[in-house]
Protein chains: 2
Amino acid sequence: MKEGPDIARIAALIGDPARANMLVALMSGKALTATELAAEAGITAQTASAHLARLLESGFLSTRKQGRHKYFSLASAEVAGVLEALMGLAAGAGHLRSRTGPRDQALRRARICYNHLAGDMGVQMFDSLVSNQYLASGEGQLRLTETGRTFMAGLGLDIDALAAGRPALCRECLDWSERRSHLAGSLGRALFARFVELDWASVEKATRIVTFTPSGARQFQAMFGG
Amino acid sequence: MKEGPDIARIAALIGDPARANMLVALMSGKALTATELAAEAGITAQTASAHLARLLESGFLSTRKQGRHKYFSLASAEVAGVLEALMGLAAGAGHLRSRTGPRDQALRRARICYNHLAGDMGVQMFDSLVSNQYLASGEGQLRLTETGRTFMAGLGLDIDALAAGRPALCRECLDWSERRSHLAGSLGRALFARFVELDWASVEKATRIVTFTPSGARQFQAMFGG
DNA sequence: TTCATAGTTCGATGGTAACCGAAGCATGGG
DNA sequence: CCCATGCTTCGGTTACCATCGAACTATGAA
């Protein structure tokens, strides 16, 4: 018999180990890219792509495209609720899977994302810029305000030169460890480049981890802290 | 990749159309036999047996053996909750499956089960016998009390002759439409035979439906009603 | 432009599990 | 005892679907 209640379709979707791994990984609330999810599930990118397409079509996931990345996250609290309920059942009659815990503390704190600052400190900087009204987000678009322009000039950045380039000046970028936005775009890149230039921070090659010097961290906190 | 979170095992179990049909059928709270569940899922008895074994082993179902029947029901409210949650999701993005509705009103009201009375009226009679203390259930065993013996004698039944037979005198039998007990055993058979003898009721051949005559229904209500 | 990376599409392959026929137990009724 | 019925076990077949290699598109960086 082929036909069955819709519940079967839904459950079968969760029932595949690869897809289940992806969904569990997304339970943290973070948005993950297709490649990350593929790694999480231990499958190749092609296979992951097929799975993700099915999960999307069935309304389990929502996406947000960002540059060449495609961020996936759970579509609704209801989906998360079902997964939670299933985990409850699984816990009842079997060993619970931990799968929590930070993978790498340093990575979460500060890292390079393409070419701009991400992680804890990236988010902090972004929030600070917004709350000081240096950045304004209107109609989904991020914009540098007049006072923001002055602030950036004070840091030694030539905004006019930056704005001339093709890529957007300001862009929000979703942070996988914080699941919140940080600043991308040519401005984000220029800002981080300036930090390196000022010797506030340096990036460990091949690890994406950003290390701040003591004095650099101090000045960063003074500028973007609390 | 073979390994996956336990959630995958659980979900895959629900994800098979045949099993999902069985589980949905059990969502009504009724206990169903293996054969009934096979029919519900549209598969043969052998296949159903395999499915039910897996559901049992995983703690989804509980069973109750009764004569040559094996009644299955959902093991816990938690299982029902998960199914409910899944149905909620399915309803969100698809057409809801009705699958409710009484199959046959007359069958639910009164029918023959082996050779005794079942359905609404069977349950009603059983409850009445118990609340009048004609029947007493001690340590899972059903017993006819002294006053019960007198009552049955008044109806023209020879209890001693019945008790001599091999099958138990009194037995509870689970009712599929009501999911509650009614009276089986040789006493149950004799009682129903007496009803027929008194011309209170007759059984429609090949349908198992029991039809009460107007006066029969009246006297039945007087004896076991309220 | 050229190169690298993220993601997708296509086609072929393989392993798993649902399924049924046949036969084997167990129970109930005569 | 025998027969009928409910359920289970076993073996073989089939169909689906997850998986990957290879090739393609799109975006970003130099």
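Each chain gets a letter, A, B and so on, in the order the sequences are listed, and its residues count up from 1. Only a predicted model underlies this, so the values are computations on that prediction, with no experimental measurement involved.
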Distance, rounded to the nearest Å, where B/Leu13 contributes CG and C/dA17 contributes P: 11 Å
DNA chain D: 5'-proximal contact among A/Lys65 and A/Ala12 (nearest heavy atom): A/Ala12
Axis-to-axis angle between the two ends of the helix from C/dT1-D/dA30 to C/dG30-D/dC1 (five base pairs per end, rounded to 10 degrees): 30°
Any B/His51 side-chain nitrogen or oxygen under 4.0 Å from OP1 or OP2 of C/dA17: no
Atom pair distance, as rounded to whole Å: CD in B/Glu57 and P in D/dT9: 12 Å
B/Arg68 side-chain N/O to C/dG29 phosphate OP1/OP2 under 4.0 Å: no
Point-to-point distance, once rounded to the nearest 0.5 Å, from CD of B/Glu197 to CG of B/Leu157: 8.5 Å
Sugar-phosphate only, base, or nothing, as touched by B/Ala45 at under 4.0 Å among non-hydrogen atoms: base
A/Thr44 side chain near D/dC20 phosphate (N/O to OP1/OP2, under 4.0 Å): yes
Contact under 4.0 Å: A/Lys70 side-chain N or O vs C/dT8 OP1/OP2: yes
Heavy-atom check, side chain of A/Met87 versus side chain of B/Asp6, under 4.5 Å: no
Check: B/Gln46/B/Ser49 side-chain N/O donor and acceptor closer than 3.5 Å: no
Proximal nucleotide (of D/dA18, D/dT8, C/dA18) relative to the A/Asp16 side chain: D/dA18
Donor-acceptor pair present, A/Gln46 side chain and C/dG7 base, under 3.5 Å: no
Whole angstrom value for the distance that separates P of D/dT8 from CG of B/Leu52: 7 Å
d(CD1, A/Ile43; P, C/dA6) in whole Å: 16 Å
Flag side-chain contact, heavy atom, 4.5 Å: B/Met125 against B/Phe192: no
Spatial distance of atom CG (A/Leu198) from atom CG (A/Leu155) [nearest 0.5 Å]: 7.5 Å
Atom pair distance, as rounded to whole Å: CZ in B/Arg9 and P in C/dT16: 15 Å
Atom-to-atom span, CZ of A/Arg189 to P of D/dA30 - whole angstrom: 7 Å
Spacing of CD1 belonging to B/Ile10 relative to CG belonging to A/Leu86, to within rounding of 0.5 Å: 7.5 Å
Salt-bridge present (B/Arg149, B/Asp160; N to O < 4.0 Å): yes
Contact under 4.0 Å: A/Thr47 side-chain N or O vs D/dT19 OP1/OP2: no
Rounded distance (Å) that lies between atom P of C/dG7 and atom CZ of A/Arg64: 15 Å
Rounded distance in Å - CZ (A/Arg54) to P (C/dT9): 14 Å
